[in-house]
2 protein chains.
Amino acid sequence: MQEATPAPRSAGGPQAPKTVSIRDVAKEAGVSHQTVSRVVNGHPKVKESTRARVLDVIAEMGYTPNRMARALAGGAVRSVTVLTSDTSLYGASATLKGIEEAARAADFAVGISVLDTGAAQQPADVAARVSRPGEAVLVIAFDAPGVQAWQALPVGFPAAAAVERPEDGSPGDRPQLWLDDRAAAAQATRYLLGLGHETVRYLAIPSSTTRVGRRTEGWRDALRAAGKPLPEPLDAGWSPRSGYLTARSLLADPSVTAVLCGNDDLALGVLRAAREAGRDVPGDLSVVGFDDAPHAAYAHPALTTVRLDFEGLGRGCFGLLHRLLEPDTAPALPLWAEPELIVRESSGPAPSRRDRPKG
Amino acid sequence: MQEATPAPRSAGGPQAPKTVSIRDVAKEAGVSHQTVSRVVNGHPKVKESTRARVLDVIAEMGYTPNRMARALAGGAVRSVTVLTSDTSLYGASATLKGIEEAARAADFAVGISVLDTGAAQQPADVAARVSRPGEAVLVIAFDAPGVQAWQALPVGFPAAAAVERPEDGSPGDRPQLWLDDRAAAAQATRYLLGLGHETVRYLAIPSSTTRVGRRTEGWRDALRAAGKPLPEPLDAGWSPRSGYLTARSLLADPSVTAVLCGNDDLALGVLRAAREAGRDVPGDLSVVGFDDAPHAAYAHPALTTVRLDFEGLGRGCFGLLHRLLEPDTAPALPLWAEPELIVRESSGPAPSRRDRPKG
DNA sequence: AGGGGTAGTGTGAACGGTAACATTTGCCCT
DNA sequence: AGGGCAAATGTTACCGTTCACACTACCCCT
């Protein structure tokens, strides 16, 4: 732990940084400040020669529009605040990355505000996080705090969200995007069933709403469609530790041969529990994760998982918001990848009856 | 991949969101707007009864100061832009988390801007990322792009940084903080040496400067001090894959019994390479990581690593900046934890000669 | 020649705050 | 009683931008 001596307070020395404003440019170019504003904002009715001259002066003087003033004056905000709960989770952080990328490309500033997990999100709280009334907001609503924040946002608000599922009743047409977790979970489950497992257990991440999560639904869908027994899903948290604790009791049951996890971290915990229980993965037990976090491929055994294009989702969300804010100039919505099952080492054929450890 | 129909453009309907300004509050409370401003900013010379009344009205009307206007008017900026390169790396994201936490506590808005890795950071580029001339900046400079951005920042700029190492020559007193990586690496190395290993190999993360990294230095220090052979450090990247590839050739050498890695991700890769090479960890080979990322405890075997308090570092950096910006009101610098060696399963006594696989 | 559109430009007033200075009030002192 | 001072409050200007509108040319039409 070290600290350099702080630099002396900038005492507004002889050479004040001298910010160059739109009026400075105007004077230099011999036009009114409003004309400069028009040039900067690409207004069509400016004579070509004037535009060129102004642009020259701008380049020469190194003028940059002041975002604050621009926003204050009621112009385009060009700034988004991302509301998210836990950036240490892969899904959220990858989505954020996508948003930032797209926002930067569109010359938007991006702010970030982390939601307190636990505390319910009051409309007033949420509003207070936004720098300016009317400032745009992007919510990463994969968990309960996120969804609450999203719902707490006044409807007129320029905002979009990445959600786990679209809201049920209520105004169903808010600008929001989601990945098809349900189909992805169903696909993973079918894969395991196809390997000969009699059924698949599911370790659920916390649901973002009062209803059961989409991934849980997908898992159920597949089980039902295959006419397999449908056990209770197991409620877990987000962390490896949570997966470990939940799996410890589950794996005492020798009939459990396949476990689908709500995310890769849980799967990591399950892997450890399996090791401790003396269960060979994938020999005795197949474990499948979700998300394809960066470390999933380097677990032991390497995790079979479902790759989700969170970055693409983030880009999409920003695009949605952009289109909302600037319907005429915003580019078309970018595409993102479908969920994809990545088969690695942690899953395999169901153990044949005689190999299976005796109950 | 799904998309809800975008909400119709908010057409400024009958009930415009009607933002409540300082003048609205003033009128309602029967005072001048300036008095409201004074109350909001905790100016001392306001009569207690007036203050109470104004505060009541503020609460009642739900007034929130407009950040933009405040900044425009030349008040305190109360906003930081964090410059970072790769948020998917644990160190950077944890530091960001700490910054955000401290910033929120101090009622600062935080913006984020991701540096292009690869491209050199030009002063102009960096300046352009900042919303307003004079806006404060916090740089997470653990890698080369970060350091370049930090160096490209004009000296007068209100900025602070979390760095791998303090800059060498140059103005050595810029506001910056760092964790004692060097001591931490030395500690880990001593620990391994104490376990009987003849020497320790080191997989280096890329250095943030032209010089060798601090962790590398610490490792060298310990080896030298113990009079042990000092092999060349191995240059790796940041990812598990990089650790895997680097370790693959290294582990062919049976005399290698202890590997220290520049981060936990590299260690994950080494673990996999060890498995493939038929090396038992920790029996034949000890592997030690760095950072104590969340998944380190759930690797197989669980990683021995050095816990670094990145969140604390982030809080500290923000505190440094805060003190710079508001010397009179900013609280004292928060403390953060010293690096700490966390011994788990991936390290153990050096194999005795006769156990060691034959070269 | 006068009327009407339109391209190009300028003017003044916001936007919501803070800073600097002006003003009012109340108290103490001589 | 009047001068001096400090506390409490009000007034005005300004930050850098956009918006709404006014204005000037100029062209086209009848």
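Letters A, B, ... are given to chains in the order of the sequence lines, protein chains preceding strands, and every chain is numbered from 1. Only heavy atoms go into these numbers, but all of them, side chains included; no hydrogens, no water, no symmetry mates.
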Contact state string [nucleotides 15-20 of chain D, B base, S sugar-phosphate only, - no protein heavy atom under 4.0 Å]: BBBBBB

Under 3.5 Å donor-acceptor, R53(B) side chain and A29(B) backbone: yes

Heavy-atom side-chain contact between H322(A) and P331(A) under 4.5 Å: yes

Axis-to-axis angle between the two ends of the helix from dA1(C)-dT30(D) to dT30(C)-dA1(D) (five base pairs per end, rounded to 10 degrees): 60°

Point-to-point distance, once rounded to the nearest 0.5 Å, from CG of L83(A) to OG of S113(A): 5.0 Å

Donor on one side chain, acceptor on other, S85(B) and D143(B), under 3.5 Å: yes

For T87(B), side chain to side chain donor-acceptor pair (under 3.5 Å) partners two or more places apart: none

Test item: side-chain donor near acceptor, W336(A) and E311(A), under 3.5 Å: no

Residues in salt bridge (Lys or Arg N to Asp or Glu O under 4.0 Å) contact with E60(B), at least two apart in sequence or another chain: none

E100(A)/R104(A) salt bridge by N-O under 4.0 Å criterion: yes

Selection: residues 44-61 of chain A, any non-hydrogen atom under 4.0 Å of DNA chain C: K45(A), V46(A), K47(A), T50(A)

From L138(A), I112(A), V80(A), residue fulfilling side-chain contact (heavy atoms from CB on, under 4.5 Å) relative to I99(A): L138(A)

Hey, can you pull the donor-acceptor pairs under 3.5 Å for the side chains in residues 33-51 of chain B, sequence neighbours left out?
{"unit_1": "T35(B)", "atom_1": "OG1", "unit_2": "S32(B)", "atom_2": "OG", "d": "3.3"}
{"unit_1": "N41(B)", "atom_1": "OD1", "unit_2": "R70(B)", "atom_2": "NH2", "d": "3.4"}
{"unit_1": "R51(B)", "atom_1": "NH2", "unit_2": "H43(B)", "atom_2": "O", "d": "3.3"}

